[in-house]
Amino acid sequence: MSFFKRKKETEPQFYATVADGLKKIYKGKLLPLEETYDFHEFVSPQLNEPDFDAKPMVLLVGQYSTGKTSFIRYLLERDYPGIRIGPEPTTDSFTAVMYGENEQVIPGNALAVDKSKQFRPLSKFGGSFLNRFQCSILKSTVLKCVTMIDTPGILSGEKQRVDRGYDFVGVLRWFAERVDRIILLFDANKLDISDEFRRSIEAIHGYEDKVRIVLNKADQVDHQELMRVYGALMWSISKVIQVPECPKIFVGSFWDQQLKHDLYRRLFEKELQCLFDDLQDLPRYAAMRKLNDFIKRARMAKIHAYIISNLKEDMPKMFGKQRKKKELIKNLPVLLKKIQEENMVATSDLPELTSMQEQLDKADFTKFPPLKEKLIAQVNHMLDKDIADLMAIVPTDFTEPVIRGGAFDDVKDMTSPFGFEKCEGIDLGSGEPDWIVTKEREKWDDIFRSLGPSKGKITGSVAKKEMVKSRLPNPVLAKVWRLADVDQDGMLDADEFALSMHLINIKLDGFDLPDELPGHLIPPSKKKLFNGGGASGSESGSGNSY
């Protein structure tokens, strides 16, 4: 029999998807270790099938009236069942906004027993929490690829002294472990970080890679105040999030109302594009995120096993057990240091000391099992072999769909005049009957004549003296020259010189230059060089030659 067992263990495993593979290796190799050393009681609840199959989740955290619920409404471009928006704390519950054919609100107690959803472990936080938890189901294209988690507004001042009746920070930590993105929202008019907000941010320690910070309602302050607010936010965040570099801060006003101050309109649009790029690609990287979180969980389970088994080993067989337990809990830092050195464990992977001591104080050390090397070896083999096999089948061709619908279609619109950088910058003049460069042609023709063209052209050295007056860096001017010298003869005629001035002005206005010259910017006199291929715009309006 042992012969057949050994043969079975060496057989290669084949998995259809990353999620399918994670389910199998979790149940077969990691779960036995977790159950043996009460990992689910001390650290994290057991994973179920919905945890592996779940869509990417986005968790929104912030103080009351920072725009969390409005942000979700902005993404969906519609209300969802149970939505409440107001200047004071209105969202008093955790709300999972998910896709479904029939609009409804499912209360938390029902969610806690629903095997098709990933929220069953939340029942450990008790009925008081479940009464403050609900799921809003609605038919929205956005939610086909992502689930949004709205949270109660974090209180400040006297309000934060009111007991919520459940472990609010613990719930946040549970979600932080499982979501793909954590968005911390701040109000440009309210940057103070209350004690409860500080504890909430500290609860996501270890998951800083998922955090994105949004400075919302930025249009409500003028440009001078915005600079001060941005600097103050960076300073405040650096005091709470213990990382070498502060996470990316997106600045804007994420709602569909008129901007009060639009001096930074272009900045807001760029920030909006960056934030939506980050959110839109979540489905594509969901498999890799699940693998990453699974590996992190396996490391935590191994360290927990070392801690529990060492405590068991140090307990007396007969007398003085209670006194020895108190001594071991007090000396837990020494044990953690020993485990770190013996097993080459990073400091960041060790459990939080105070929390671990509090949990151990309630535990019965006599029931702790000794170290089972077979279980540790099984997890090590899983990390070395099985995870490597799963890495090989992570999608690399980005076949997973990006998020569509709602505000994503409007923000990423590239067909209407209101798409990002449409009808401005390098796109200005696209689709117009006349060459856009002719609008300021008279001024540039005067400059061209003053440069003393020979046979209707100026050399590179002559053009350089005029182009460097823009004070743009040489690499940028080199790109301008390459784009403007359409016929690539090493010289510029009147049309090409005017084009170079137009490109310089585009760059000076803060827009990027393309690698290839768009068809609508090709001088009409040069269209014949392209035989009509890829060129757009009219053939009329050719410039003069000198």
Side-chain angles (χ1 to χ4, degrees), residues 4-35 39 44-59 98-99 115-121 141-147 175-182 206-210 212 277-303 346 349 374-404 408:
F4 291 107
K5 285 184 179 178
R6 285 197 300 271
K7 183 177 180 181
K8 185 176 181 180
E9 288 173 358
T10 58
E11 287 179 353
Q13 298 293 318
F14 299 99
Y15 309 113
T17 64
V18 172
D20 176 58
L22 287 176
K23 288 180 199 175
K24 292 179 180 178
I25 64 175
Y26 175 69
K27 290 180 180 178
K29 298 189 177 179
L30 183 55
L31 184 57
L33 181 71
E34 293 183 354
E35 290 177 332
F39 181 80
S44 179
Q46 178 180 337
L47 297 179
N48 299 307
E49 287 206 6
D51 291 306
F52 298 102
D53 297 327
K55 299 171 186 174
M57 292 193 291
V58 178
L59 177 69
M98 306 180 73
Y99 179 83
K115 294 183 179 180
S116 67
K117 292 182 172 58
Q118 65 269 43
F119 305 118
R120 294 180 68 194
T141 307
V142 174
L143 298 175
K144 286 184 176 181
C145 296
V146 69
T147 294
F175 275 109
E177 181 183 346
R178 288 160 175 78
V179 299
D180 296 69
R181 188 67 72 237
I182 303 169
Y207 304 99
E208 287 84 0
D209 58 310
K210 301 180 181 181
R212 302 293 182 269
D277 283 341
D278 185 73
L279 294 176
Q280 200 169 34
D281 285 339
L282 287 179
R284 289 178 169 174
Y285 300 106
M288 184 59 74
R289 196 274 306 169
K290 284 184 172 70
L291 267 173
N292 184 63
D293 287 353
F294 187 84
I295 294 169
K296 187 183 297 184
R297 184 183 180 94
R299 287 203 304 265
M300 292 166 60
K302 282 176 56 181
I303 294 168
D349 290 335
K374 182 179 179 181
L375 291 178
I376 297 293
Q378 188 171 265
V379 172
N380 287 335
H381 179 270
M382 176 195 77
L383 292 171
D384 294 339
K385 179 68 172 63
D386 298 313
I387 294 297
D389 291 341
L390 288 178
M391 289 286 289
I393 64 171
V394 171
T396 56
D397 57 354
F398 299 121
T399 54
E400 291 294 322
V402 296
I403 302 174
R404 300 291 186 193
F408 288 93

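This chain uses plain numbering: 1 for the first residue, then up along the sequence. Because the structure is predicted, anything quoted here is derived from the model rather than measured.
Take Gln378 and apply the side chain to side chain donor-acceptor pair (under 3.5 Å) test, not counting sequence neighbours, and it matches no residue. Remark: Gln46 engages Tyr26, Leu31, Glu35, His40, Asn48 in a side-chain contact (heavy atoms from CB on, under 4.5 Å) (not counting sequence neighbours). Applying the ring pair (Phe, Tyr, Trp, His ring centres under 6.0 Å) criterion to Phe408, with sequence neighbours excluded, gives Phe276. Considering only residues two or more places apart in sequence or on other chains, Ile295 meets the side-chain contact (heavy atoms from CB on, under 4.5 Å) condition with Arg299, Leu383, Ile387. Lys23 meets the salt bridge (Lys or Arg N to Asp or Glu O under 4.0 Å) test with Glu49, Asp53; sequence neighbours excluded. When the ring pair (Phe, Tyr, Trp, His ring centres under 6.0 Å) test is applied to Phe119, the partners found at least two apart in sequence or on another chain are Phe133.
The shortest distance between side-chain heavy atoms of Arg404 and Lys144 does not fall below 4.5 Å. For the pair Ile393 and Thr17, the minimum side-chain heavy-atom distance is 4.5 Å or more. Two residues are said to be in side-chain contact when any heavy atoms from C-beta on lie closer than 4.5 Å; Arg297 and Glu177 meet this criterion.
Heavy atoms of other residues, nucleotides or ligands lying less than 6.0 angstrom from NZ of Lys296 number more than 12.
Residues Ala54 and Gln118 come closest through the heavy atom pair CB-NE2, 3.4 Å. What you find for Pro32 and Lys27 is that their closest heavy atoms are CD-O, 3.6 Å.
Salt-bridge formation is detected for the pair Asp389/Lys385: a Lys NZ or Arg NE/NH1/NH2 atom is positioned less than 4.0 Å from an Asp or Glu carboxylate oxygen.
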